[in-house]
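Protein chains get the first letters and strands the later ones, always in sequence-line order, with residue 1 at the start of each.
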There are 2 protein chains.
Amino acid sequence: MNPLALSNQLCFRAYALSRHITAMYQPLLKKLELTYPQYLAMLVLWESDGVSVKQMGEQLMLDSGTLTPLLKRMEEAGLLQRKRSAEDERVVHISLTDKGKKLKSKAAAIPGELQKCMGFSAEDYLEFMQVSARLLKHKNV
Amino acid sequence: MNPLALSNQLCFRAYALSRHITAMYQPLLKKLELTYPQYLAMLVLWESDGVSVKQMGEQLMLDSGTLTPLLKRMEEAGLLQRKRSAEDERVVHISLTDKGKKLKSKAAAIPGELQKCMGFSAEDYLEFMQVSARLLKHKNV
DNA sequence: TGCAAATTAATTGTGCACAATATAAATTTG
DNA sequence: CAAATTTATATTGTGCACAATTAATTTGCA
């Protein structure tokens with residue numbers, strides 16, 4: 001086996017799969033007027049409204065260089081508000097607007113639609129989640 | 001199970017894994033002065049020097065909007081040459097320079113180093129390759 | 001043959017990612 | 001308590017991704 005062959009690269013497979021999934025989401029998210037990273041931010045907020053930028057960054061594994069402009073665009077779209085904390089002025093809390101909260105019911109259909117159009121089974125889902133968790137485990141080199 | 005929970009999203013897992021792997025490559029690729037997508041382009045060229053932009057795009061699943069500027073940067077770095085075909089002037093062929101060819105021996109160590117620093121087993125590798133292939137199979141919706 | 005349709009790249013514009021740096025506020029220390 | 005350090009976010013700059021459009025060829029078929 002040639003270790004430099006593209007088809008043998010775990011890295012390329014993960015990269016291609018991620019972009020493929022994002023592409024599958026795109027038509028579904030267009031209805032909500034969200035990009036894929038914006039959808040991920042909404043998932044965090046629907047679970048834990050009011051998180052700080054740092055907390056969101058920890059969940060999504062993204063830094064402020066990515067999140068600050070993304071959240072500003074979402075604020076302009078009327079989905080959320082950014083407010084600096086009174087107790088600790090370094091912290092910015094993100095809270096959903098009514099518009100942002102209402103979007104959740106529309107989004108509820110998305111996971112099912114995606115599974116249908118990607119055509120994977122519950123077993124594939126589980127196996128992928130397990131093996132990818134193992135690959136993500138060793139983070140501190 | 002909450003289908004909108006971030007931790008249950010196959011999409012987020014794939015996205016996080018892909019970015020995690022790219023981050024693991026980054027210090028290794030820095031020695032070669034390549035970005036991660038540039039490394040993928042080199043993998044294609046080391047396997048099939050002289051491919052067209054279209055062929056490279058098919059292998060990497062990237063379009064000319066991504067590849068054209070990427071290849072121009074690599075041409076400026078002296079790794080490859082872009083030449084319009086004489087038979088069909090729409091086609092641009094990409095061929096490695098000596099510098100580009102020589103980089104292959106340096107790159108040979110990378111897959112092993114990556115596996116070591118990510119700490120996954122041959123079984124994990126195989127299982128991931130298999131399940132991700134199944135997830136990628138259903139492309140035509 | 002002649003021209004519409006298809007093919008291949010390039011361009012333009014928007015939105016991430018992320019490294020590096022800056023800034024300001026809070027905390028720790030001497 | 002002042003200086004040094006740490007923490008949280010913002011800014012800047014580079015490099016992808018990708019949709020949409022454009023331009024130059026080539027092909028296919030009436």
Could you give the [atom1]-to-[atom2] distance, from [X] to [N], as a whole number of Å?
{"X": "Leu34(A)", "N": "dC16(C)", "atom1": "CG", "atom2": "C1'", "result": "14 Å"}
{"X": "Leu60(B)", "N": "dC18(D)", "atom1": "CG", "atom2": "C1'", "result": "15 Å"}
{"X": "Glu58(A)", "N": "dT7(D)", "atom1": "CD", "atom2": "C1'", "result": "12 Å"}
{"X": "Tyr25(B)", "N": "dA17(C)", "atom1": "OH", "atom2": "C1'", "result": "19 Å"}
{"X": "Leu70(A)", "N": "dT11(D)", "atom1": "CG", "atom2": "C1'", "result": "16 Å"}
{"X": "Leu40(B)", "N": "dG15(D)", "atom1": "CG", "atom2": "P", "result": "16 Å"}
{"X": "Leu62(A)", "N": "dT9(D)", "atom1": "CG", "atom2": "P", "result": "14 Å"}
{"X": "Tyr36(A)", "N": "dG15(C)", "atom1": "OH", "atom2": "P", "result": "18 Å"}

Same apolar cluster (I L V M F W Y, side chains within < 4.5 Å links), Met118(A)/Leu28(A): yes
Under 4.0 angstrom, heavy atoms only, what part of the nucleic acid is [X] near: base, sugar-phosphate, or nothing?
{"X": "Glu87(B)", "answer": "sugar-phosphate"}
{"X": "Ser52(A)", "answer": "sugar-phosphate"}
{"X": "Gln38(A)", "answer": "sugar-phosphate"}

Most 5' of Thr35(B) and Leu67(A) on DNA chain D, judged by nearest nucleotide: Leu67(A)
Between Gly65(A) and Ala23(A), which has a closest nucleotide on DNA chain D that is more 5'? Gly65(A)
Look at Glu58(A) together with Lys54(A) and state whether they make a salt bridge at an N to O cut-off of under 4.0 Å. yes
Upstream residue (5' side of DNA chain C) when Arg82(B) and Lys30(B) are each assigned their closest nucleotide: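 It is Arg82(B) whose nearest nucleotide is closer to the 5' end.
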For a quick test of reading the model: is some side-chain N or O of [X] closer than 4.0 Å to OP1 or OP2 of [N]?
{"X": "Arg84(B)", "N": "dT25(D)", "result": "no"}
{"X": "Tyr15(B)", "N": "dA17(C)", "result": "yes"}
{"X": "Lys72(A)", "N": "dT9(D)", "result": "no"}

Trace of the side chain to side chain contact (heavy atoms under 4.5 Å, CB included) decision for Leu10(A) with Asp124(B): CA-CA 10 Å; Leu10(A) 190 143; Asp124(B) 286 344; over 6 Å; no
Which atoms form the tightest heavy-atom contact between Ser64(B) and Pro69(B), and what is the distance? O-CD, 3.8 Å
Proximal nucleotide (of dT11(D), dC18(D), dA25(C)) relative to the Arg19(A) side chain: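 When the side chain of Arg19(A) is considered, dC18(D) is the closest of dT11(D), dC18(D), dA25(C).
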Quick check for you: among dA10(D), dC18(D), dT25(D), whose closest atom lies nearest to any side-chain atom of Thr68(A)?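 When the side chain of Thr68(A) is considered, dA10(D) is the closest of dA10(D), dC18(D), dT25(D).
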Quiz question: going by heavy-atom distance under 3.5 Å, is there a donor-acceptor pair between the base of dT9(D) and the side chain of Arg90(A)? no
Could a donor-acceptor pair under 3.5 angstrom be found where the side chain of Ser64(A) meets the base of dA10(D)? yes
Begin with the C-alpha distance, continue with both residues' side-chain angles, and end with the deciding distance and a verdict on side chain to side chain contact (heavy atoms under 4.5 Å, CB included) for Lys99(A) and Leu103(A). CA-CA 6 Å; Lys99(A) 182 178 173 187; Leu103(A) 214 58; 5.9 Å; no
Relative to Tyr15(A), does Arg19(A) satisfy both conditions: NZ or CZ under 6.0 angstrom from the six-membered ring centre, and within 45 degrees of the ring's axis? yes
